[in-house]
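Remember, it's 1-based here, ligands and their atoms both numbered in the order they're listed.
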Amino acid sequence: MLVRLLYASRSADVMTPDVIDAILATSRKTNPALGITGLLCHSGDIFMQVLEGGRDTVNALYRRICADARHKDVILLKYDEITERHFAGWTMGQVNLERVNPSILLKYSERAVLDPYAVSGDAAMALLDELLATASIISRSN
Ligand code: FAD
């Protein structure tokens, strides 16, 4: 049974490249053995992450992530049972939304700045699918 979980959060402190690198390093080390794939987006103090994998595994990882002191205000945007993965090629892809073409963000939100607290889960997921389609994801790692 595969599921896809999408959440957003705010960085607890100023988000620096070191924080993002540390999170991605842990993710890319841990996720392959767990069968987890996905994408981590960031912009300003905002994180938005999609996790795909087995239901129990995704649920357990989400609980660990929620308890991580490096971020706060974690909000579940979408949770679906799925028949296939969208992000199978990424142990954890990365998108800096500040570098994405603003027209992609504008397509799904009121302004060309990501505010996952102000968009529907469906719109946020559609944005991630568009990032996939437009090859905006970096650091393909498997
Ligand atoms: P431990 O390694 O024992 O860490 C316990 C706590 O220490 C953490 O909750 C955190 O608050 C803190 N901590 C851990 N490492 C650091 C560090 N380098 N710098 C500062 N504080 C630290 N993990 C994954 O395995 N896969 C993911 O896809 C994933 N995505 C994440 C996305 C975000 C936005 C965040 C904030 C974290 C993510 N993590 C991910 C990390 C996850 O929250 C756990 O830290 C990790 O899974 C290890 O779990 P653990 O119980 O062994 O924690």
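Residue Ala69 has at least one nitrogen or oxygen atom sitting less than 3.5 Å from a nitrogen or oxygen atom of ligand 1, judged on distance alone. The N/O atoms of Gln49, backbone and side chain alike, include one that comes under 3.5 Å of an N/O atom in ligand 1. For ligand 1, the polar-atom distance check finds no N/O of Ser9 at less than 3.5 Å from any of the ligand's N/O atoms.
Nearest protein neighbour of atom 33 (C) of ligand 1, counting heavy atoms only, is Tyr7 OH, 3.5 Å. In this structure, the protein non-hydrogen atom closest to atom 48 (C) of ligand 1 is Arg64 NE, 4.1 Å. The protein heavy-atom contact nearest to atom 38 (C) of ligand 1 is Ile23 CG2, 3.7 Å. For atom 44 (C) of ligand 1, the closest non-hydrogen atom of the protein is Asp68 OD2, 3.9 Å. Atom 46 (C) of ligand 1 has Thr26 CG2, 3.9 Å as its closest protein atom, hydrogens excluded (heavy atom only). For atom 26 (N) of ligand 1, the nearest non-hydrogen atom of the protein is Asn31 OD1, 2.8 Å. Closest protein heavy atom to atom 14 (C) of ligand 1: Arg70 NH2, 3.6 Å. Considering only non-hydrogen protein atoms, atom 29 (C) of ligand 1 sits nearest to Ser27 OG, 3.2 Å.
Side-chain contact annotation: Asp122 with Tyr108, donor-acceptor N/O pair under 3.5 Å absent.
The closest donor-acceptor contact from the side chain of Ser120 to the backbone of Ala123 lies under 3.5 Å. No donor-acceptor pair under 3.5 Å is formed between the side chain of Arg85 and the backbone N or O of Val3. No donor-acceptor pair closer than 3.5 Å links the side chain of Asp80 to the backbone N or O of Ile82. When atom types are taken as modelled, the side chain of Glu52 and the backbone of Ile36 share no donor-acceptor pair closer than 3.5 angstrom. Side chain of Glu98 to backbone of Gly44: a donor-acceptor contact under 3.5 angstrom is found.
At a distance under 4.0 Å, a protein heavy atom can be found next to atom 21 (N) of ligand 1. For atom 35 (C) of ligand 1, the nearest protein heavy atom is under 4.0 Å away. Under the 4.0 angstrom criterion, atom 53 (O) of ligand 1 counts as lacking any protein heavy-atom contact. At a distance under 4.0 Å, no protein heavy atom can be found next to atom 2 (O) of ligand 1.
For ligand 1, the atoms closer than 4.0 angstrom to any heavy atom of Met92 are 28 (O).
Of all non-hydrogen atoms in Thr37 and Ala88, the two that sit nearest each other are CG2-O, 3.7 Å. In this structure, Leu40 and Met92 approach most closely via the heavy-atom pair N-SD, 3.6 Å. What you find for Leu97 and Leu105 is that their closest heavy atoms are O-CD1, 3.9 Å. Among all heavy-atom pairs drawn from Thr91 and Asn31, the shortest one is O-ND2, 3.1 Å.
For residues 8-26, every residue pair satisfying the side chain to side chain donor-acceptor pair (under 3.5 Å) rule, not counting sequence neighbours, is listed here: Ser9-His71, Arg10-Asp73.
Compare Thr30, Thr91, Leu61 by their heavy atoms: the one nearest to atom 23 (N) of ligand 1 is in Leu61.
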